[in-house]
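Just so it is clear, the structure is predicted and the values come from calculations on it, not from any experiment.
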Amino acid sequence: MKPSDSIVRVYRGSITESIHRIHLAVVDTQGTLLHSAGDPQFLTFARSTAKLIQALPVIESGAADHFGLTEAEIALCCASHNGEAEHVSTAQGILGKLGYHAKHLQCGAHEPYHAPTAQAMRERGESPSTLHNNCSGKHSGMLSLSSHLGASPDTYMSPEHPVQQLMLEAVCAMSDVPKAQIALGTDGCGVPVFGMTIDRLALAFARLGSPEGLSTERANACQRIVNAVRKYPQFLAGSDRFDTRLIEVTKGRIVGKMGAEGIFALSIPEQAIGFVLKVEDGNLRALYPAVIEALKQLKLLSEAEVSELASFHTPAVHNWQGTEVGRIRPDFSL
């Protein structure tokens, strides 16, 4: 490990037990690199950070207005939600407007991320449905777009489906990455996922928050998405989740979204910048400490805001008895 490496340390007692390397790119709406750590051209999958970009065609096509999607429902279309009652009912509400049901969602089922909700369901003997899947909002949005286009709902996850083609085109346009250079994979929920360098993903988020220069239709869609998650941060993630708390603590000044395998993308609209941080080994425990530390060093979070987010910045390591035995601490300078 080079002394200049940007890392997050996991301490047990006084010993560094584990180390996670990070990569960071901060760019403006022209793609100019403003700040970096590690490799700002690190190639990875956008994972669920792309949901805010994937929601663009749902609005641009007229689907959101045709089906009367509310701001809360638009926010849920961008979510990796907790599976709490309000998330489930809102996804169900979107499907109801389409004349669809949970069976039309092809994302699969898993227990809610929200532990109290999952525990209550187990005690009732209730099995999770596709509505509890953290991606049910995104998939409901995809079905709304498919229905509006008159396309088959049975194959909406296929890369060749019109829904997925429109979403790929939106990702390409926002990131300035040609379609032929996007590495396609399959996400955890079964739909295509987009591989690109983190500086290009950061460009997409810079433009999402500051869409001046984009077409009128796209700029309007960007503004509606940002406004929706600012107004309804609970629907982007949920109780005790970093994505939600970051928006709440900053009063919407920063809008950010996590993705699996340790990636986080955010936009600061008033400063016209996008920010993407990737934990190289994909371990989520290092992600939020690194994001907060980077924002702190770049003076994009105030000391008071850092204090409010302290439980994410330097989280404790506990043993099975609940005793604090260590800490996770960022160790880098930008």
Mind checking whether [X] and [Y] have side chains closer than 4.5 Å, heavy atoms only?
{"X": "His23", "Y": "Pro40", "answer": "no"}
{"X": "His161", "Y": "Ser146", "answer": "yes"}
{"X": "Val279", "Y": "Val8", "answer": "no"}
{"X": "Phe67", "Y": "Leu98", "answer": "yes"}
{"X": "Pro330", "Y": "His313", "answer": "yes"}
{"X": "Thr314", "Y": "Ile328", "answer": "no"}
{"X": "Asn227", "Y": "Ile74", "answer": "no"}
{"X": "Asn82", "Y": "Pro112", "answer": "no"}

Does [X] pair with [Y] as a salt bridge, N-O distance under 4.0 Å?
{"X": "Arg230", "Y": "Glu248", "value": "no"}
{"X": "Glu280", "Y": "Arg21", "value": "no"}
{"X": "Glu305", "Y": "Lys296", "value": "no"}
{"X": "Asp187", "Y": "Arg47", "value": "yes"}
{"X": "Arg207", "Y": "Glu212", "value": "no"}

For [X] and [Y], which heavy atoms make the closest approach, and how far apart are they?
{"X": "His148", "Y": "Ser61", "result": "NE2-O, 3.1 Å"}
{"X": "His81", "Y": "Arg241", "result": "C-NH1, 3.9 Å"}
{"X": "Val226", "Y": "Gly209", "result": "CG2-CA, 4.3 Å"}

Donor-acceptor pair, side chain of [X] and main chain of [Y], under 3.5 angstrom:
{"X": "Asp243", "Y": "Met258", "value": "yes"}
{"X": "Thr16", "Y": "Ser18", "value": "no"}
{"X": "Glu84", "Y": "Ser239", "value": "yes"}
{"X": "Arg200", "Y": "Gln41", "value": "no"}
{"X": "Asn319", "Y": "Gly322", "value": "yes"}
{"X": "Asn283", "Y": "Arg285", "value": "yes"}
{"X": "Ser48", "Y": "Gly259", "value": "no"}
{"X": "Ser307", "Y": "Glu303", "value": "no"}
{"X": "His132", "Y": "Ala85", "value": "no"}
{"X": "Lys278", "Y": "Glu261", "value": "yes"}

Spacing of [atom1] belonging to [X] relative to [atom2] belonging to [Y], to within rounding of 0.5 Å:
{"X": "Ser147", "Y": "His104", "atom1": "OG", "atom2": "NE2", "result": "10.0 Å"}
{"X": "Met142", "Y": "Gln106", "atom1": "CE", "atom2": "CD", "result": "11.0 Å"}
{"X": "Gln164", "Y": "Leu184", "atom1": "CD", "atom2": "CG", "result": "9.5 Å"}

- request: Ignoring hydrogens and angles, state whether a donor on the side chain of Asn134 or His110 is under 3.5 Å from an acceptor on the partner side chain.
  value: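 Yes - a donor-acceptor pair under 3.5 Å links their side chains.
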- prompt: Hey, are Glu160 and Ser158 close enough side-chain-wise for a donor-acceptor pair under 3.5 Å?
  reply: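 Result is yes, a qualifying pair exists.
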query: Apart from Leu203 itself, what residues make up its hydrophobic cluster when side-chain heavy atoms of I, L, V, M, F, W and Y under 4.5 Å apart count as a link, directly or indirectly?
result: Val27, Leu33
message: Using 30° and 60° as the class boundaries, would you call the ring planes of Tyr232 and Phe235 parallel, tilted or perpendicular?
response: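 Tyr232 vs Phe235 ring planes: perpendicular.
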Grouping I, L, V, M, F, W and Y whenever their side-chain heavy atoms are under 4.5 Å apart, do [X] and [Y] come out in a common cluster?
{"X": "Val291", "Y": "Val249", "result": "yes"}
{"X": "Ile59", "Y": "Val171", "result": "yes"}
{"X": "Leu284", "Y": "Phe312", "result": "yes"}
{"X": "Phe194", "Y": "Leu166", "result": "yes"}
{"X": "Leu277", "Y": "Leu300", "result": "yes"}

- request: Name all pairs fulfilling the salt bridge (charged side-chain N to carboxylate O under 4.0 Å, His left out) condition that reach into residues 218-228, sequence neighbours left out, sorted by first residue then second.
  value: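 Sorted result for residues 218-228: Glu60-Arg218, Asp65-Arg224.
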- request: Verify whether the ring centers belonging to Tyr156 and His139 lie closer than 6.0 Å.
  value: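 So the answer is yes for these two rings.
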- prompt: Mind checking whether Phe275 and Phe264 have ring centres under 6.0 Å apart?
  reply: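 No, they do not, as the ring centres are separated by 6.0 Å or more.
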field: All side-chain hydrogen bond (donor to acceptor under 3.5 Å, both in side chains) counterparts of Gln181, not counting sequence neighbours
entry: none
task: Decide side-chain contact (heavy atoms from CB on, under 4.5 Å) for Leu298 and Val26; before the verdict, give the C-alpha distance in whole Å, the side-chain angles of both, and the deciding distance to 0.1 Å.
output: CA-CA 10 Å; Leu298 295 172; Val26 181; 4.0 Å; yes
